[in-house]
There are 2 protein chains.
Amino acid sequence: MGLSWQDIHADALRRIQSREWQPGALIPNEEELAKDLGCARATVNRALRALAEEGWLERRRKAGTRVALSPKRRAQMAIPVIRQEIEALGKTFSHRLIDRVTTLMPAFQSDALGLPAGTSAHHVRSLYLADNLAFAYEDRWVNLIAVPGIETCPLDQISPNEWLVQNAPFSRGTLEYSAVAATDEEARHLGCTLGVPVMVLERQTFGPDAPVTAMRLTFAPGHHLKLVI
Amino acid sequence: MGLSWQDIHADALRRIQSREWQPGALIPNEEELAKDLGCARATVNRALRALAEEGWLERRRKAGTRVALSPKRRAQMAIPVIRQEIEALGKTFSHRLIDRVTTLMPAFQSDALGLPAGTSAHHVRSLYLADNLAFAYEDRWVNLIAVPGIETCPLDQISPNEWLVQNAPFSRGTLEYSAVAATDEEARHLGCTLGVPVMVLERQTFGPDAPVTAMRLTFAPGHHLKLVI
DNA sequence: GACTCTTTTATGTATATACATAATAATTGG
DNA sequence: CCAATTATTATGTATATACATAAAAGAGTC
């Protein structure tokens with residue numbers, strides 16, 4: 001066969017990185033590139049589309065394709081499934097249920113999930129451990145409407161995280177990391193000092209029909225969030 | 001025209017989210033789907049490939065396509081170009097050069113970039129401001145071999161971040177966020193209290209031929225890192 | 001000039017066809 | 001039965017062709 005789209009992709013990337021195609025500059029159109037390189041336009045299209053998705057190029061109909069000025073490249077991060085994160089470190093995963101109760105959600109939580117004030121939800125607190133050392137403390141609210149089974153599932157045997165992945169419908173959500181001082185409760189469960197800087201991940205998950213869960217995950221001190229470009 | 005690949009994409013996603021196609025289950029092959037839905041196989045391929053990239057499906061030649069067991073979905077994050085981050089908040093961006101000097105890199109820095117011990121580099125410290133309030137403090141080492149122009153560029157007029165984006169070759173890099181206590185120097189420049197929890201981003205950038213820069217960016221307290229799924 | 005309308009053009013997509021490739025399944029030889 | 005070989009098959013890719021669509025450029029009007 002002729003050239004593969006990966007070949008075109010690599011060649012174009014080389015030209016971008018070597019600044020043969022300068023930032024902001026218009027590059028030849030697909031037809032021309034196809035003729036020059038000796039392949040079909042569809043092949044060029046596939047390669048340039050990939051480069052655009054990766055943030056190297058900006059493409060607009062009629063206006064053509066230009067090298068991105070400030071490469072707004074996207075870093076990708078696997079959404080933390082804590083078991084995998086811990087096992088990737090070569091450590092043994094375990095978890096401990098602290099408590100679970102169905103009760104009224106605080107107003108800020110029901111607001112954040114778009115549920116009416118005064119909604120009841122299942123409130124679960126648990127601890128994730130790596131080699132029996134505290135790794136993260138989780139405080140989670142689960143919407144009973146979206147996930148009715150939550151009240152009766154054995155959260156001492158399977159972690160809320162994993163149970164939900166397997167049992168809850170799931171479409172989109174938000175993630176937000178911040179650096180905060182460990183609260184009294186967090187410090188107690190994570191075995192650290194009150195006020196020490198810790199990473200907190202707040203996450204809301206929405207199913208196709210209804211909000212599913214809101215979670216606050218506090219990592220033990222020293223946690224890193226690595227991303228790859 | 002017939003159905004678009006987005007239509008197929010949406011339909012398949014609906015089936016996954018409604019659990020009509022259960023996690024781990026094999027879905028019909030492309031040819032069959034194309035026949036059922038009334039479009040060409042290439043169109044189905046485009047849709048399923050997109051779903052696989054998004055993490056909903058796992059595809060293997062001959063083995064077929066199945067719904068991902070634990071949707072290892074990837075969150076995407078725009079790599080911070082600080083000006084854009086600040087302007088997106090509706091604030092005015094500015095920056096202030098604190099100092100710049102060409103000197104020996106500390107060993108841990110040259111190691112991290114894979115440069116021999118005792119290499120000289122340009123050391124730049126600067127402050128980024130949003131509406132004239134400290135937003136982030138940057139401590140950066142720039143490899144003179146990869147970016148010779150750095151020593152003479154007017155860093156009081158253009159931020160190191162932007163100058164490098166425009167002038168340095170750039171291919172891949174690492175990003176690592178952590179929560180730490182503000183050091184004395186960081187606290188002084190950010191106008192916060194010593195020891196307060198702050199987000200730190202450490203980043204290394206490598207060009208096609210040589211390492212380009214290592215950076216430590218300390219955000220003012222209260223900074224959030226938002227990701228979208 | 002400011003406005004609308006039309007034309008042009010580069011990218012975006014859909015299709016049929018052909019072949020490539022990886023991985024499973026079947027077959028064969030010992 | 002086991003290992004090596006071959007056949008099968010679903011996805012992956014390349015191609016030509018045709019048409020769709022967004023947006024810029026140009027033409028015409030006031």
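Below, chains carry the letters A, B, ... as their sequence lines are ordered, and counting in each starts from 1. Quick caveat: nothing in here was measured; it's all calculated off a predicted structure.
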Of B:Arg61 and B:Gln6, the one whose closest DNA chain C nucleotide lies more 5': B:Gln6
May I have the distance from [X] (atom [atom1]) to [N] (atom [atom2]), rounded to whole angstrom?
| X | N | atom1 | atom2 | result |
| --- | --- | --- | --- | --- |
| B:Lys35 | D:dA10 | NZ | P | 13 Å |
| A:Arg46 | C:dA10 | CZ | P | 23 Å |
| B:Asn29 | D:dT8 | CG | P | 17 Å |
| B:Glu58 | C:dA22 | CD | P | 19 Å |
| A:Ile27 | C:dA10 | CD1 | C1' | 12 Å |
| B:Arg59 | C:dT24 | CZ | C1' | 17 Å |
| A:Glu30 | C:dT13 | CD | P | 11 Å |
| A:Leu57 | C:dG12 | CG | C1' | 15 Å |

Note: A:Glu30-A:Arg59 ion pair, threshold 4.0 Å (strictly below): yes
Of all the choices, [options], which nucleotide is nearest to the side chain of [X] once you look at every atom?
| X | options | value |
| --- | --- | --- |
| B:Lys62 | C:dA23, D:dA23, D:dT13 | C:dA23 |
| B:Ala42 | D:dA16, C:dT15, D:dT13 | C:dT15 |
| B:Ala40 | C:dT24, C:dA16, C:dA14 | C:dA16 |
| A:Arg49 | C:dA16, C:dT13, C:dT9 | C:dT13 |

N or O in side chain of A:Thr43 less than 4.0 angstrom from D:dT13 OP1/OP2: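 No, because none of the side-chain N or O atoms of A:Thr43 sits under 4.0 Å from OP1 or OP2 of D:dT13.
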Under-4.0 Å side-chain N/O to phosphate OP1/OP2 contact, B:Thr65 with D:dA10: no
A:Arg100-A:His122 side chain donor-acceptor pair, cut-off 3.5 Å: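 Yes, a side-chain donor-acceptor pair sits under 3.5 Å.
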Donor-acceptor side-chain pairing of B:His123 and B:Asp139 below 3.5 angstrom: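 Yes - a donor-acceptor pair under 3.5 Å links their side chains.
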Mutual orientation of the aromatic rings belonging to B:Phe219 and B:His223 [parallel < 30°, tilted 30-60°, perpendicular > 60°]: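 Parallel.
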5' precedence on DNA chain D between A:Arg60 and A:Gly38 (nearest-nucleotide basis):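 Final value for this comparison: A:Gly38.
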Derivation and outcome, side-chain contact (heavy atoms from CB on, under 4.5 Å), residues A:Leu51 and A:Leu13: CA-CA 8 Å; A:Leu51 284 165; A:Leu13 187 54; 4.1 Å; yes
Sugar-phosphate, base or nothing in reach of B:Arg41, heavy atoms under 4.0 Å: base
